[in-house]
Asker: 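Please see the structure below; I have some questions.
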Amino acid sequence: MLNQSQLETYQDQGHLTINGFYPTETVSQVIHEINLWAEQTRANLSDEDQRWYLEQDVPVGVTLFRKLDNPIYNRPVLRDLIVTPSLLEIASQLIGDRLTVFFSQVFMKPAKYGGPKPVHQDNYYFGPADEDRVLTVWVAIDNATVENGCLYYGDGSHHTGVHQHIAPANEPFNLMVPNEVAKKFPMRAAPVDAGGISLHHGSTFHQSSENNSEFPRRALAMHFIPQDMPLVNPALDYDLSVVVPF
Ligand SMILES: O=C(O)CCC(=O)C(=O)O
């Protein structure tokens with residue numbers, strides 16, 4: 001459970017970091033499973049998948065995953081390792097009981113070629129009926145630092161509602177808050193050690209920079225919502241047949 005001070009930080013700032021949440025052994029197992037999954041997936045990517053899942057700005061002949069979708073649904077090993085009772089307790093404390101992970105993602109942010117994720121709000125992507133009942137749990141698989149592209153948050157930005165987003169024509173997955181709005185919310189780096197978690201409210205502005213460092217910055221994000229809450233205005237197509245209830 002979160003203590004009072006952690007709860008207040010989440011409520012005031014819209015995000016909270018907890019280091020040392022998962023043991024090193026769990027992190028190693030997660031890395032093993034993700035590498036296995038990437039290898040199994042690599043050979044079967046359509047052209048469209050390649051545009052979605054791979055880093056585009058890489059030298060010819062280099063194939064690097066940008067992300068993998070729905071690890072919690074697709075990889076039971078990851079589900080069992082990562083979705084622990086202590087995590088579900090925290091999620092229930094923040095957004096209530098009878099939850100699902102309706103979507104999850106591994107962000108690979110590879111060394112040297114990891115692209116940036118612009119400022120956005122998860123709630124613009126998801127379009128939930130109740131904006132206060134969307135919780136993202138972001139698990140650092142590597143040490144996430146300023147150098148390798150940790151998250152940055154706009155403190156308190158979740159109190160300002162959901163803002164209109166825009167996306168570059170060839171990158172529908174890169175929905176972003178327009179610069180003139182984003183600049184009103186100074187972004188603060190939130191480094192997390194491998195095995196730590198960063199929790200954020202669905203309306204909190206966040207972004208990550210490119211990774212020019214020698215080290216990958218992998219992370220697993222789980223998006224929790226109540227089982228009975230519809231997504232009324234999602235910006236992308238979410239496959240709700242992969243929802244995992246708890
Ligand atoms: O890991 C990243 O770079 C982006 C994460 C993110 O946008 C999220 O977890 O909602």
Side-chain angles (χ1 to χ4, degrees), residues 10 13-18 21 30 34 52-57 64-72 78 82 87 91 94-95 101-128 131 133-154 157-158 162-163 165 167 171-177 182 185 187-213 215-225 231 234-236 238:
Y10 179 84
Q13 300 185 351
H15 63 99
L16 173 72
T17 300
I18 308 177
F21 196 80
V30 169
I34 287 172
W52 188 266
Y53 291 113
L54 301 183
E55 293 288 355
Q56 300 299 311
D57 204 4
L64 291 170
F65 276 90
R66 178 178 78 87
K67 73 186 307 235
L68 289 159
D69 278 341
N70 286 311
I72 297 303
L78 293 178
I82 289 286
L87 183 68
L94 294 175
I95 61 166
V101 169
F102 84 97
F103 182 48
S104 56
Q105 323 178 58
V106 176
F107 293 100
M108 298 296 268
K109 192 84 86 178
K112 292 187 190 164
Y113 301 109
K117 182 80 188 160
V119 178
H120 67 281
Q121 295 171 294
D122 294 345
N123 278 344
Y124 186 85
Y125 280 75
F126 304 152
E131 289 158 5
R133 299 191 70 199
V134 175
L135 170 70
T136 293
V137 176
W138 189 95
V139 181
I141 299 171
D142 300 294
N143 290 332
T145 64
V146 169
E147 290 73 29
N148 71 358
C150 68
L151 289 182
Y152 283 68
Y153 289 111
S157 50
H158 63 306
V162 178
H163 300 256
H165 285 44
E171 295 179 10
F173 49 83
N174 257 342
L175 286 161
M176 61 184 90
V177 177
F185 298 89
M187 304 295 280
R188 187 161 65 90
V192 188
D193 297 340
I197 58 176
S198 175
L199 311 171
H200 63 260
H201 183 288
S203 295
T204 306
F205 283 27
H206 58 290
Q207 58 104 186
S208 63
S209 306
E210 54 198 8
N211 182 6
N212 298 317
S213 82
F215 304 100
R217 193 243 58 191
R218 291 161 291 194
L220 190 161
M222 293 175 261
H223 305 289
F224 285 90
I225 58 172
L231 302 181
L236 302 179
Y238 292 99

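When a ligand or atom number is given, it counts from 1 through the structure's own listing order.
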Asker: Identify the protein heavy atom lying closest to atom 9 (O) of ligand 1, giving its residue, its atom name and the separation to 0.1 Å.
Answerer: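 Nearest neighbour among protein heavy atoms for atom 9 (O) of ligand 1, to 0.1 Å: W138 CD1, 3.3 Å.
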Asker: In terms of atom number and element, which parts of ligand 1 are under 4.0 angstrom from non-hydrogen atoms of H200?
Answerer: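 Here the atoms of ligand 1 in question are 8 (C), 9 (O), 10 (O).
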Asker: Examine ligand 1 and decide if any of its atoms is less than 4.0 Å from a heavy atom belonging to Q105.
Answerer: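 Contact check Q105 vs ligand 1: negative.
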Asker: Strictly under 6.0 Å, is that where the ring centroids of F103 and Y125 end up?
Answerer: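 Ring centres of Y125 and F103 not closer than 6.0 Å.
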Asker: Of all residues at least two apart in sequence or in a different chain, which pass the side chain to side chain contact (heavy atoms under 4.5 Å, CB included) check with T17?
Answerer: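 Result, side chain to side chain contact (heavy atoms under 4.5 Å, CB included) vs T17: N19, A190, V192, S198.
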Asker: Within ligand 1, which atoms have a heavy atom of T136 less than 4.0 Å away?
Answerer: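 Counting from 1, the qualifying ligand atoms are 9 (O).
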Asker: Using a strict 4.0 Å cut-off to heavy atoms of A221, name the atoms of ligand 1 that fall inside it.
Answerer: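 Every atom of ligand 1 under 4.0 Å from some heavy atom of A221: 9 (O).
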Asker: Is there a donor-acceptor contact under 3.5 Å linking the side chains of E131 and H158?
Answerer: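 There is no such pair between these side chains.
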Asker: For atom 2 (C) of ligand 1, which of the options H206, H120, K109, R217 provides the nearest non-hydrogen atom?
Answerer: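 Of the listed residues, R217 has the closest heavy atom.
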Asker: Run the ring-ring contact (aromatic ring centres under 6.0 Å, His included) test on H206 and H120 for me, step by step, so that the C-alpha distance in whole Å, both residues' side-chain angles and the decisive distance to 0.1 Å come before the verdict.
Answerer: CA-CA 6 Å; H206 58 290; H120 67 281; 4.0 Å; yes
Asker: Is the shortest heavy-atom distance from the side chain of R66 to the side chain of L54 under 4.5 Å?
Answerer: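 When only atoms from C-beta onward are counted, L54 and R66 do not touch, as no gap falls below 4.5 Å.
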Asker: Give the atom numbers and elements of ligand 1 that come within less than 4.0 Å of a heavy atom of D122.
Answerer: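 Ligand 1 atoms under the 4.0 Å threshold to D122: 10 (O).
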Asker: With sequence neighbours left out, what residues match R217 under salt bridge (charged side-chain N to carboxylate O under 4.0 Å, His left out)?
Answerer: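 Applying salt bridge (charged side-chain N to carboxylate O under 4.0 Å, His left out) to R217 gives none.
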Asker: Can you name the atoms of ligand 1, numbered from 1 with element, that are less than 4.0 Å from a heavy atom of S208?
Answerer: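 Once the distances to S208 are compared, the set is 2 (C), 3 (O).
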